[in-house]
Participant: 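Structure incoming, see below.
Start at 1 and go down the list; that is how both ligands and their atoms are numbered.
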Amino acid sequence: MECGKAKVLIFEGEEEMADFALQRWQEIFLESLRMKGRFSVILSGGRTPAGLYRKLAARGEKSSWRRTHIFFADERFVPFSHRDSNYGMVKRLLLDEAGIPSGNRHPVPVEDVSPAGSAERYEADIRRFFGLSAGEMPEFDLVLLGMGEDGHTASLFPGDPALREERRLAVAVVLNDERRDRITLTLPVLNNARHVIFLLSGKRKARTLKKVMEDRDVSLPAALVRPRKGSLLFLADREAAACLTEKKAEGTH
Ligand code: 6PG
């Protein structure tokens, strides 16, 4: 199904969705090597992408990891060893399992004194990696995102000032609740990527996905992810796609 530039593919379950995402990752990896000689990818935390991370780790092919640079869409302001750390989760499931070199890992530096300090350090790492001059936006090859029931993505939450950021690449998000303070990439970074893929599963996401895909409810941060020139693909299992009404040109996979 196509909704403007966004495309939705629906899968029987999470396993099939992760298999497809793995295949798409490989395609974009090879395309990026042809274009740039390296592959820069942004990973998200949360539960949904875990199956894909495990499949990537099992893939082996150490040579491909030397050409892959892994960044993060967001991070909680906790030590990497903390159960809520996105880096900690990805490190366990993928980075250590696959033996990804430390120089290819670009975590959000959370040992700073404040989320704002971490965001500045993270932005400096991204600018250095891409060799950006002032005002330039990085072009990541692939961004993997999830979506919360409230329509948040990365750590861009409804109504948060971070949604209006147009210049900075990464900002602090102070939540003062159990969600913990965060650091997040901003919409200009996500929307400058060559490929954006959302991974969604479970019935709790169904109503929100319909609001994003069909109602185009721009109060929801996930609906604001619209790559300027890149592709936008929503991968959903049947439960998450249950409220979508328009004919699904793609059918189920
Ligand atoms: C995070 C993620 C966040 C996540 C959504 C969906 O730090 O938690 O970056 O944006 O993608 O909350 O999470 P689930 O995949 O667990 O539903």
Side-chain angles (χ1 to χ4, degrees), residues 11 13-15 17-18 20-21 41-56 70-95 106-110 115 118-119 122 140 142-160 162-163 165 169-175 177-187 189-191 193 196-213 220-225 232-243:
F11 299 85
E14 290 193 66
E15 185 70 15
M17 183 167 74
F20 181 90
V41 57
I42 293 172
L43 302 184
S44 281
R47 195 196 53 78
T48 309
L52 170 59
Y53 297 159
R54 288 193 183 93
K55 288 177 182 289
L56 282 165
I70 295 192
F71 294 77
F72 292 80
D74 64 332
E75 187 55 275
R76 290 83 180 279
F77 192 61
V78 294
F80 292 154
S81 56
H82 193 282
R83 69 179 182 289
D84 288 351
S85 168
N86 286 344
Y87 180 73
M89 182 268 282
V90 176
K91 181 178 186 292
R92 232 178 3 264
L93 293 182
L94 171 57
L95 305 180
H106 302 265
V108 179
V110 290
S118 289
Y122 189 41
F140 283 94
L142 173 59
V143 181
L144 285 182
L145 293 172
M147 183 185 73
E149 273 179 86
D150 62 355
H152 84 260
T153 190
S155 283
L156 296 165
F157 290 90
D160 193 283
L163 292 168
E165 179 58 50
L169 309 186
V171 294
V173 176
V174 179
L175 297 170
D177 61 25
E178 72 291 345
R179 293 173 297 176
R180 302 187 180 284
D181 290 346
R182 312 272 185 110
I183 295 94
T184 188
L185 291 180
T186 56
L187 284 168
V189 174
L190 304 180
N191 286 331
V196 176
I197 298 178
F198 277 88
L199 292 171
L200 305 159
S201 68
K203 56 180 178 298
R204 291 182 311 117
K205 307 291 172 81
R207 292 175 51 79
T208 309
L209 182 57
K210 179 186 185 305
K211 287 181 189 171
V212 167
M213 293 300 306
L220 303 178
L224 300 176
V225 177
L232 176 59
L233 179 58
F234 286 77
L235 305 183
D237 69 3
R238 271 187 177 288
E239 287 188 319
C243 293

Participant: State the atoms of ligand 1, each with its element, that fall below the 4.0 Å cut-off from a heavy-atom position in N86.
Facilitator: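 Near N86, meaning under 4.0 Å from one of its heavy atoms, ligand 1 has 1 (C), 7 (O).
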
Participant: Using a heavy-atom cut-off of under 4.0 Å, does the side chain or the backbone of T48 touch ligand 1, or both, or neither?
Facilitator: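 Answer for T48: both.
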
Participant: Considering non-hydrogen atoms of the protein only, which is the closest contact for atom 16 (O) of ligand 1, and what is the distance?
Facilitator: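 Ranked first by proximity to atom 16 (O) of ligand 1 is R47 N, 2.6 Å.
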
Participant: Looking at F72, Y122, F71, which hits ring pair (Phe, Tyr, Trp, His ring centres under 6.0 Å) with Y87?
Facilitator: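 Result for ring pair (Phe, Tyr, Trp, His ring centres under 6.0 Å) with Y87: F72.
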
Participant: Under 4.0 Å, heavy atoms only, figure out whether ligand 1 is touched by the backbone of R76, its side chain, both or neither.
Facilitator: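 The answer is the side chain of R76.
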
Participant: Evaluate the side-chain contact (heavy atoms from CB on, under 4.5 Å) criterion for residues L163 and L187: first the C-alpha distance (whole Å), next the side-chain angles of each, then the deciding distance (0.1 Å), finally the verdict.
Facilitator: CA-CA 7 Å; L163 292 168; L187 284 168; 4.1 Å; yes

Participant: Just go through G148, S201, A154, G45 and tell me whose heavy atom is the nearest to atom 3 (C) of ligand 1.
Facilitator: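 Minimum heavy-atom distance to atom 3 (C) of ligand 1 goes to A154.
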
Participant: Classify the side-chain pair S155/R76 by whether it contains a donor and acceptor separated by less than 3.5 Å.
Facilitator: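 There is no such pair (donor and acceptor under 3.5 Å, judged by atom type) between the side chains of S155 and R76.
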
Participant: Considering only protein heavy atoms, which is closest to atom 13 (O) of ligand 1, and at what distance to one decimal place?
Facilitator: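 For this ligand atom, the closest protein heavy atom is G46 CA, 3.9 Å.
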
Participant: List the steps, then state whether salt bridge (Lys or Arg N to Asp or Glu O under 4.0 Å) holds for K55 with E15.
Facilitator: CA-CA 10 Å; K55 288 177 182 289; E15 185 70 15; 2.5 Å; yes

Participant: Go through the steps for E14 and R47 under the test salt bridge (Lys or Arg N to Asp or Glu O under 4.0 Å), then give the verdict.
Facilitator: CA-CA 11 Å; E14 290 193 66; R47 195 196 53 78; 3.4 Å; yes

Participant: With heavy atoms of R182 as the reference, note each atom of ligand 1 found under 4.0 Å away.
Facilitator: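 The list of qualifying atoms is 7 (O).
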
Participant: Can you establish whether the number of heavy atoms outside K91 located under 6.0 Å from its atom NZ is more than 12?
Facilitator: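 Count not over threshold, so no.
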
Participant: Tell me whether T153 has any N or O atom under 3.5 angstrom from an N or O of ligand 1.
Facilitator: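 Checking ligand 1 against T153, no N or O pair falls under 3.5 Å apart.
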
Participant: Show me which atoms of ligand 1 lie under 4.0 Å from any heavy atom of D74.
Facilitator: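 Taking each heavy atom of D74 in turn, ligand 1 has 1 (C), 2 (C), 7 (O), 9 (O) under 4.0 Å.
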
Participant: For G146, take its heavy atoms, then give the atoms of ligand 1 lying under 4.0 Å from any of them.
Facilitator: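 Per the distance check, 11 (O).
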
Participant: Under 4.5 Å between any side-chain heavy atoms of L200 and D237, yes or no?
Facilitator: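 Side-chain contact under 4.5 Å: no.
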
Participant: Any idea which heavy atoms bring L94 and Y53 closest together, and the distance?
Facilitator: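 Result for this residue pair: CD1-O, 3.8 Å.
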
Participant: Is the shortest side-chain heavy-atom distance between F234 and I197 below 4.5 Å?
Facilitator: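 Side-chain contact under 4.5 Å: no.
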
Participant: To check your reading of the model: name the closest protein heavy atom to atom 17 (O) of ligand 1, its residue, and the distance in Å.
Facilitator: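 Of every protein heavy atom, K205 NZ, 2.6 Å lies nearest to atom 17 (O) of ligand 1.
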
Participant: Give the contacting part of A73 toward ligand 1: side chain, backbone, both or neither, where contact means a heavy-atom distance below 4.0 Å.
Facilitator: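 No part of A73 comes within reach of ligand 1.
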
Participant: Below 4.0 Å from ligand 1: does a non-hydrogen atom of R204 turn up there or not?
Facilitator: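 For ligand 1, residue contact (heavy atoms, under 4.0 Å) with R204 is absent.
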
Participant: What protein heavy atom sits nearest atom 12 (O) of ligand 1, and how far off is it?
Facilitator: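 Sorting protein heavy atoms by distance from atom 12 (O) of ligand 1 puts H152 NE2, 2.8 Å first.
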
